[in-house]
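Here is the structure we will look at, set down as structure tokens.
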Amino acid sequence: MEEETTVRQAIARYLQDAGFAVVEATDSDMAMTILEQRPDVQGLVTDAHLAGDIDGFELAGLVRKRWPTVVVVMMSGHSDPSSGPVPEGSEFIAKPYLLSHLALALARLIGRAG
């Protein structure tokens with residue numbers, strides 16, 4: 001999940017082209033709703049800073065606690081891994097990054113969890 005709509009849509013298209021089924025959420029509240037309704041979700045890609053009641057760091061931590069099999073890839077252009085708690089077993093990718101790095105990290109984490 002990315003805070004900027006056009007960037008989020010580009011990331012979603014890239015991940016779909018890389019073979020992932022993608023469900024987009026516009027904010028952390030929507031992400032939580034999707035996760036509660038979709039037990040088939042395997043991974044979460046989130047920006048550290050996003051709209052909603054909680055930020056990306058809090059969302060990532062909550063997801064890893066409530067759904068420990070869901071892998072998390074965090075990203076940010078304004079923060080680094082020391083800016084907040086990155087949950088154990090998750091990855092942090094600093095922007096700007098190559099989309100291929102994002103797809104590889106997500107695939108590696110899902111493969112490790114599966």
Side-chain angles (χ1 to χ4, degrees):
M1 175 171 33
E2 160 67 41
E3 60 190 327
E4 296 179 38
T5 302
T6 55
V7 175
R8 184 182 66 249
Q9 291 170 341
I11 291 169
R13 276 192 307 277
Y14 181 83
L15 291 175
Q16 287 170 336
D17 290 346
F20 295 98
V22 176
V23 179
E24 289 183 61
T26 57
D27 60 29
S28 60
D29 304 318
M30 183 182 227
M32 288 299 293
T33 298
I34 290 168
L35 286 161
E36 288 165 352
Q37 297 174 352
R38 300 277 311 259
D40 60 326
V41 172
Q42 293 180 304
L44 169 72
V45 175
T46 185
D47 195 286
H49 306 282
L50 61 132
D53 287 340
I54 58 176
D55 70 11
F57 287 107
E58 292 173 280
L59 176 64
L62 228 131
V63 168
R64 292 294 294 151
K65 284 181 185 161
R66 287 187 63 186
W67 298 280
T69 60
V70 174
V71 302
V72 175
V73 176
M74 296 188 65
M75 56 190 178
S76 180
H78 309 289
S79 301
D80 61 41
S82 67
S83 299
V86 177
E88 185 176 331
S90 302
E91 291 206 22
F92 187 98
I93 299 175
K95 294 179 188 174
Y97 56 84
L98 296 175
L99 286 174
S100 59
H101 292 159
L102 177 60
L104 290 171
L106 188 57
R108 182 176 58 255
L109 289 171
I110 289 173
R112 194 182 309 153

Review point. Under 3.5 Å, is there a donor-acceptor pair between the side chain of T46 and the main chain of G56?
Key: no
Review point. Going hydrophobic residue to hydrophobic residue with side-chain gaps under 4.5 angstrom, can you get from V41 over to M74?
Key: yes
**Study point:** Atom pair CG (L15) and CD (E24), whose distance is rounded to the nearest 0.5 Å
**Key:** 10.0 Å
Review point. Does a side-chain heavy-atom distance below 4.5 Å link V23 with R38?
Key: yes
Practice item. Decide, yes or no, whether a salt bridge links R64 with E88 under the criterion of side-chain N to carboxylate O below 4.0 Å. Key: no
Point to revise | Q42 and W67, any side-chain heavy atoms less than 4.5 Å apart | key: no
Exercise for review: Could you tell me which non-hydrogen atom of A18 sits nearest to which non-hydrogen atom of A103, and how far apart they are?
Suggested key: CB-CB, 4.3 Å
Check your understanding: Mind checking whether V72 and E91 have side chains closer than 4.5 Å, heavy atoms only?
Key -> no
Practice item. Could you check I11 against R8 for side chain to side chain contact (heavy atoms under 4.5 Å, CB included), going step by step and ending with a plain yes or no? Key: CA-CA 5 Å; I11 291 169; R8 184 182 66 249; 5.8 Å; no
Check your understanding: When rounded to the nearest 0.5 angstrom, what distance separates OG in S76 from NE2 in H49?
Key -> 4.0 Å
Practice item. Applying side chain to side chain contact (heavy atoms under 4.5 Å, CB included) between L44 and each of V73, L59, V71, report the one that passes. Key: L59
Review point. Heavy-atom distance under 4.5 Å between the side chains of L62 and K65, does that happen here?
Key: no
Review point. What pair of heavy atoms forms the shortest contact from L50 to S28, and how long is it?
Key: CD1-N, 3.3 Å
Check your understanding: So F57 and F92, would you call those rings parallel, tilted or perpendicular, with 30° and 60° as cut-offs?
Key -> parallel
Review point. With distance as the sole test, does D55 use its side chain to make a donor-acceptor pair with the main-chain N or O of E58 at under 3.5 Å?
Key: yes
Check your understanding: Could you state the interatomic distance from CD (Q16) to CD (Q9), rounded to the nearest 0.5 Å?
Key -> 10.5 Å
Check your understanding: If you measure from OH on Y14 to CG on L102, what distance do you get to the nearest 0.5 Å?
Key -> 8.5 Å
Point to revise | Any side-chain heavy-atom pair of F20 and I110 under 4.5 Å | key: yes
Study note, to complete from the structure: When rounded to the nearest 0.5 Å, the distance separating CE of M30 from OG1 of T33 is 8.0 Å
Revision key, fill the gap. The reported gap from CD1 in I54 to CE in M32 (rounded to nearest 0.5 angstrom) is 6.0 Å
